[in-house]
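Since the structure is predicted, the reported quantities are computational estimates derived from the model, not experimental observations.
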Amino acid sequence: MKLQNKYLKRLLLVPLRLYTKLIHLFARRYQKLNYHLFIKILFLATILICLLFGQVVSAQTPNATALVEQGIKDYNAGNFFNAIKNWQEALNQDKNNPSAMAVVNENLARAYQQVGENKEAIASLSAAIRDYGAVTNIEQVGRMKSELAQVYSNLGQPRKAIALLCGQLVDKPKISENQPSQEIKCTPESAEQIATKYNDKRGQVAALGILGEAYRLIGSYDQAIYYLDAAQKISPEYKSLVFNSLGNAYKSRGQLRELQADSANKADILSKEKEFTEKSVDDYKTANKYFQYSINFARDEKQPIAEMRGLLNLIQLGSQTNKSKIINNEEFDKTLKDALKVLETLPDSATKVYGKIDLAYLQRDAKGTSPFTNCPTRPTQLVLSSNMQLNLLENSILTSKKLQDNRLISYSNGALGHFWECSSDNEKALKNKKALKYTQAAIVAADNKLSAKDSLYLWEWQAGRILDREKRKEEAIASYQRAFDTLEDIRSDILTAERDVQFDFRDVVRPLYQTLAQSRLDLLGVGAIAGEQRANELSAVVKTIDALNLAELQNYFGNDCILSALNPKQVGELLKDNSVAFQNTGFLSSIILEDKTGILLQLPNQATKFKWIEDPNQEGTNKIVSSDKLQKKIAEFRTGLVKGQEEFNYDTTTAAELYDWIIRPMLSDIKPEKVKTLVFIQDGFLRSVPMAALYDSQEKKYLVETYAIATTPSLRLTTPKARDRSTQKALILGLTEKAIIDGKTFDALTAVPDEVSAVQSIFPNHTELIDQNFFPESFQQTLDKTTYPIVHIASHAQFGIIPEDTFIVTGKNQKLTISQLENSLRNLNSKSDGVELLTLTACETAVGDDRATLGLAGVALQVGVKSAIASLWSVTDESTSELVKTFYTNYRNAGMSIAEALQQAQIKMIHPKNLPPSEEMNPRYNNPAYWAPMIAIGNWL
């Protein structure tokens with residue numbers, strides 16, 4: 001007994017030493033997000049575990065006890081792998097003691113996180129939850145759930161974190177702009193409720209803090225602020241941590257509102273632009289205030305690591321909001337000096353490593369989310385001198401090696417490699433050698449059990465650029481490919497984590513995919529590659545382009561609903577399908593690169609064809625059309641189409657030029673006797689125009705007169721399948737009255753009654769909701785009662801550059817957002833009874849921004865319908881009624897595919913003089929301004 005008491009006394013001291021040390025050691029590269037700070041609370045809270053160690057003493061074997069103690073010594077010395085080895089062996093020797101196993105598993109989880117082995121950390125924490133549950137230590141179960149939630153957040157899986165912390169997810173905490181956030185009650189078995197039940201204040205702060213950060217990561221900033229506010233009211237002891245997270249939440253919301261202001265500007269809603277700009281500035285000022293609070297509290301409590309994180313967040317806020325002058329130059333410089341001073345006092349830690357890297361790459365006007373995707377355009381963008389930058393980066397490597405953390409080793413080496421990549425040193429060969437040396441060291445460390453996949457793609461991409469510069473083309477492509485494969489593996493987590501900061505995608509994902517595609521295409525242009533190798537290269541390009549389209553669509557909508565509908569087969573495999581879906585169908589994909597644009601033609605069971613867009617009127621090397629020139633021509637084409645309503649005769653000059661650039665080079669492969677339907681998979685600004693209106697000046701006819709036309713964001717998201725249309729019900733929704741939404745006036749749609757009447761006559765089995773009867777709640781209630789294969793919406797529909805500005809105007813001056821539409825349609829009883837066709841007429845898009853048309857192209861997929869017919873711009877005329885009536889008649893009664901039904905409706909308008917007297921039509925409708933904007937999206941059958 002004396003021996004046991006002596007051992008118990010020693011164990012009572014162990015957790016405090018261990019967890020205090022852990023405070024300084026546990027972190028990962030996203031220190032600026034601040035969510036890992038809450039683990040500090042958990043470490044301190046686990047002092048109470050000492051009571052359980054008393055139970056361990058009597059049951060543990062002497063050998064297991066020694067192993068546990070040795071593991072603690074190893075951990076405190078930074079020998080994490082040795083600690084893991086000893087604790088694993090202790091577990092194997094004491095399998096029948098859940099109390100002992102729980103504590104060891106808890107410690108193992110933290111050691112695994114230190115070496116970047118998150119899967120093992122998750123397994124250990126799950127085991128700890130099981131073991132603590134077995135001995136009915138529910139309070140500790142709650143703490144372990146919080147810690148497990150932290151790991152999931154670290155891995156970019158905040159939804160899993162929310163499930164553990166609260167048990168339910170609330171994407172949008174507000175019902176309307178004027179209502180406060182709803183108070184969400186967590187489930188009894190959740191970490192937050194367990195901590196509340198046991199009055200575990202530290203546990204409560206940890207659960208609410210991590211919960212707030214998880215909501216921030218999914219873009220639900222109001223809910224994040226709600227939980228973080230609740231956390232700061234529980235205990236003043238941890239306000240420094242909470243204030244830091246609140247600063248990040250307000251900063252993120254400020255970025256969203258800045259985007260909304262930009263969207264309002266493009267939609268010409270100046271009052272909303274001013275409102276969002278003011279709200280954005282207010283949020284940035286509030287973020288500034290909370291970061292200052294966090295720094296001051298940390299200083300008072302003598303917590304240099306917390307102070308350092310607050311200073312870094314404040315500096316980044318100042319650099320990213322340079323135009324708003326949230327922090328003036330004097331304040332910025334003082335904060336920077338404070339950060340450099342505190343940095344030198346920090347113990348070796350992840351915060352110290354990442355702090356040095358962040359400061360080394362600090363820019364005055366930081367526009368991107370990663371400093372490693374390209375070199376600064378001007379050396380003056382960097383705040384610190386080249387010598388200071390180099391010194392910080394070299395020291396970060398030394399510290400990371402001391403800590404034996406592969407993630408830190410990878411990141412610090414990659415950062416130094418980037419320094420040499422961008423160095424202005426005249427000795428190019430030497431700096432390339434240094435850049436490649438450190439970059440390859442970063443790759444090796446990141447690839448160690450894939451401990452840092454979230455940075456591995458950056459270093460592979462960086463290596464590719466360096467190899468490219470050395471003219472080692474094939475090695476560069478191999479490196480780009482590895483970067484692509486890694487990013488594809490983790491893309492879902494990355495793109496949904498920062499859903500509202502849309503430049504994430506454009507700075508980080510899109511350039512890599514474009515670089516890989518262009519490198520492969522340039523290799524083909526050398527001329528030495530033919531046959532099977534050429535086919536394989538083109539197949540890889542198609543895969544890259546398809547992945548780019550999927551990534552951009554997912555990033556726009558900010559969730560993984562798109563991926564849930566993804567066909568596991570690649571595009572090449574789908575085109576080997578001999579079903580009717582792919583017979584007589586050609587697929588044209590575009591990829592817009594920095595200086596040129598490519599078109600790929602795919603036909604079932606045939607080799608892929610590729611051509612750069614060229615101007616046949618030019619000679620020699622000037623033939624290739626630059627992407628800038630193409631974009632201007634596309635904008636000219638769209639402007640001419642939209643304004644065509646004001647002119648009696650349409651000028652086909654631009655439409656003919658684009659036909660010669662895009663279609664004519666492919667004519668020999670898409671002869672009308674073999675290809676009946678063309679499906680376009682467009683990139684960027686090419687989405688904003690209808691390909692149907694391209695004009696063949698030799699044959700004197702539009703493209704749609706030769707081919708049925710459809711579009712899809714990705715063939716892998718499209719399920720081409722014909723359906724029985726004989727007994728279909730229709731839900732008809734319409735708005736005829738003027739409406740005011742968010743300060744913008746939407747004119748009355750006088751032609752809607754005729755359009756609704758036409759649809760009613762074609763679908764006798766229908767339900768209609770018009771004007772005051774059409775609003776979000778009535779739409780939801782109607783769908784709850786009955787499934788409608790056809791949903792026809794005759795109203796204004798706006799597609800903005802962010803999802804929040806994408807909505808359908810309803811009665812009562814209300815709007816049906818894309819999220820509400822998705823939720824309503826996805827709540828249908830079964831997928832087999834879901835909506836087959838969604839038709840949207842009188843749409844409006846934000847002219848000049850291809851993200852708006854991305855939302856239009858993706859709407860059908862987002863809400864789970866098979867096909868959509870939608871308008872690229874509003875045509876407030878009875879022409880829409882004529883087009884819709886003919887389309888539905890063809891679709892319902894003539895046995896045509898969706899694309900053919902639309903094609904024939906458009907041809908009818910192009911040639912009104914050929915119609916019998918009973919179908920007389922306004923001759924002006926032959927102008928593509930009236931028929932061209934309607935496009936078929938998704939399933940074209």
Side-chain angles (χ1 to χ4, degrees), residues 357 360-361 363 367-379 381-382 386 389-390 393 410-447 452-488 490-491 494 503-526 537 540-541 544-545 547-548 551 591-596 627:
I357 296 171
Y361 282 102
Q363 298 182 27
K367 295 180 180 179
T369 55
S370 172
F372 306 114
T373 56
N374 51 58
C375 296
T377 54
R378 310 183 311 276
Q381 279 184 276
L382 292 170
S386 179
Q389 188 185 12
L390 180 59
L393 294 173
S410 173
Y411 202 69
S412 55
N413 274 280
L416 184 54
H418 188 62
F419 170 86
W420 288 113
E421 179 194 6
C422 300
S423 172
S424 57
D425 194 323
N426 292 327
E427 298 182 35
K428 291 184 180 180
L430 179 61
K431 73 173 187 177
N432 283 349
K433 184 178 179 180
K434 288 182 177 180
L436 198 56
K437 170 190 170 184
Y438 289 112
T439 303
Q440 288 173 339
I443 291 169
V444 171
D447 203 33
K453 293 179 74 173
D454 51 351
S455 63
L456 177 59
Y457 78 92
L458 280 174
W459 312 137
E460 289 284 14
W461 182 8
Q462 185 166 291
R465 295 195 302 269
I466 299 165
L467 291 165
D468 233 338
R469 199 162 56 189
E470 293 191 329
K471 309 300 182 185
R472 295 157 67 176
K473 197 70 180 178
E474 292 191 9
E475 290 178 79
I477 290 174
S479 197
Y480 291 142
Q481 185 65 50
R482 289 191 294 272
F484 168 85
D485 292 339
T486 303
L487 187 53
E488 275 294 282
I490 62 173
R491 173 169 56 80
I494 287 178
F503 50 73
D504 274 7
F505 174 84
R506 299 193 176 199
D507 286 350
V508 177
V509 180
R510 185 177 180 86
L512 169 58
Y513 288 45
Q514 287 178 318
T515 301
L516 174 59
Q518 179 153 0
S519 296
R520 290 193 179 281
L521 292 171
D522 287 343
L523 196 63
L524 295 177
V526 175
E537 289 293 335
V541 171
T544 304
I545 295 172
L548 174 60
I591 179 163
I592 301 168
L593 302 173
E594 188 174 348
D595 57 350
K596 50 192 171 183
S627 295

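Note that the CD atom of Q440 and the CD1 atom of I466 stand 8.0 Å from one another [nearest 0.5 Å]. Atom-to-atom distance recorded for Y438:OH and K433:NZ is 11.5 Å, nearest 0.5 angstrom. If you take CZ on R520 and CD1 on I477, they are separated by 6.0 Å, rounding to the nearest 0.5 Å. The structure places CD of E537 at 5.5 Å from CG of L523, a figure rounded to the nearest 0.5 Å. Rounding to the nearest 0.5 Å places CG of L456 at 10.5 Å from CG of D485. Distance CD/Q514 to CD1/I591: 6.0 Å, rounded to 0.5 Å.
Using bins of under 30°, 30° to 60° and over 60° for the plane-to-plane angle, the ring pair H418/Y361 lands in the tilted bin.
With hydrogens and angles ignored, the 3.5 Å screen pairs no side-chain donor or acceptor of S423 with any backbone N or O of F419. Between the side chain of S627 and the backbone N or O of L593, at least one donor-acceptor pair lies under 3.5 Å. Not one N or O on the side chain of S479 forms a donor-acceptor pair closer than 3.5 Å with the backbone of W461. When atom types are taken as modelled, the side chain of Y457 and the backbone of T486 share no donor-acceptor pair closer than 3.5 angstrom.
Counting only heavy atoms from C-beta outward, the side chains of Q518 and D595 approach each other to under 4.5 Å. In this structure, P511 and N374 have side chains that are not in contact, with every pair of non-hydrogen atoms separated by 4.5 Å or more. Here the side chains of L393 and I357 are in contact, with some heavy-atom distance below 4.5 Å.
Considering all non-hydrogen atoms of both residues, W459 and S410 come closest at NE1-OG, 3.1 Å. Closest heavy-atom contact between S455 and A446: OG-CB, 4.4 Å.
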Working for side chain to side chain contact (heavy atoms under 4.5 Å, CB included), residues L390 and W420: CA-CA 9 Å; L390 180 59; W420 288 113; 4.1 Å; yes
Pair L521, K596 - check side chain to side chain contact (heavy atoms under 4.5 Å, CB included), show working. CA-CA 11 Å; L521 292 171; K596 50 192 171 183; over 6 Å; no
Evaluate side chain to side chain contact (heavy atoms under 4.5 Å, CB included) for I592 paired with R510, printing each intermediate quantity in order. CA-CA 10 Å; I592 301 168; R510 185 177 180 86; 4.3 Å; yes
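When the options K431, K434, R465 are evaluated for a side chain to side chain donor-acceptor pair (under 3.5 Å) with E421, the one that passes is R465.
In summary, the side chains of Y513 and E488 do present a donor paired with an acceptor at a separation below 3.5 Å, with no hydrogens or angles considered.
When the shell of 6.0 Å around NZ of K437 is examined, it contains 12 or fewer heavy atoms from other residues, nucleotides or ligands.
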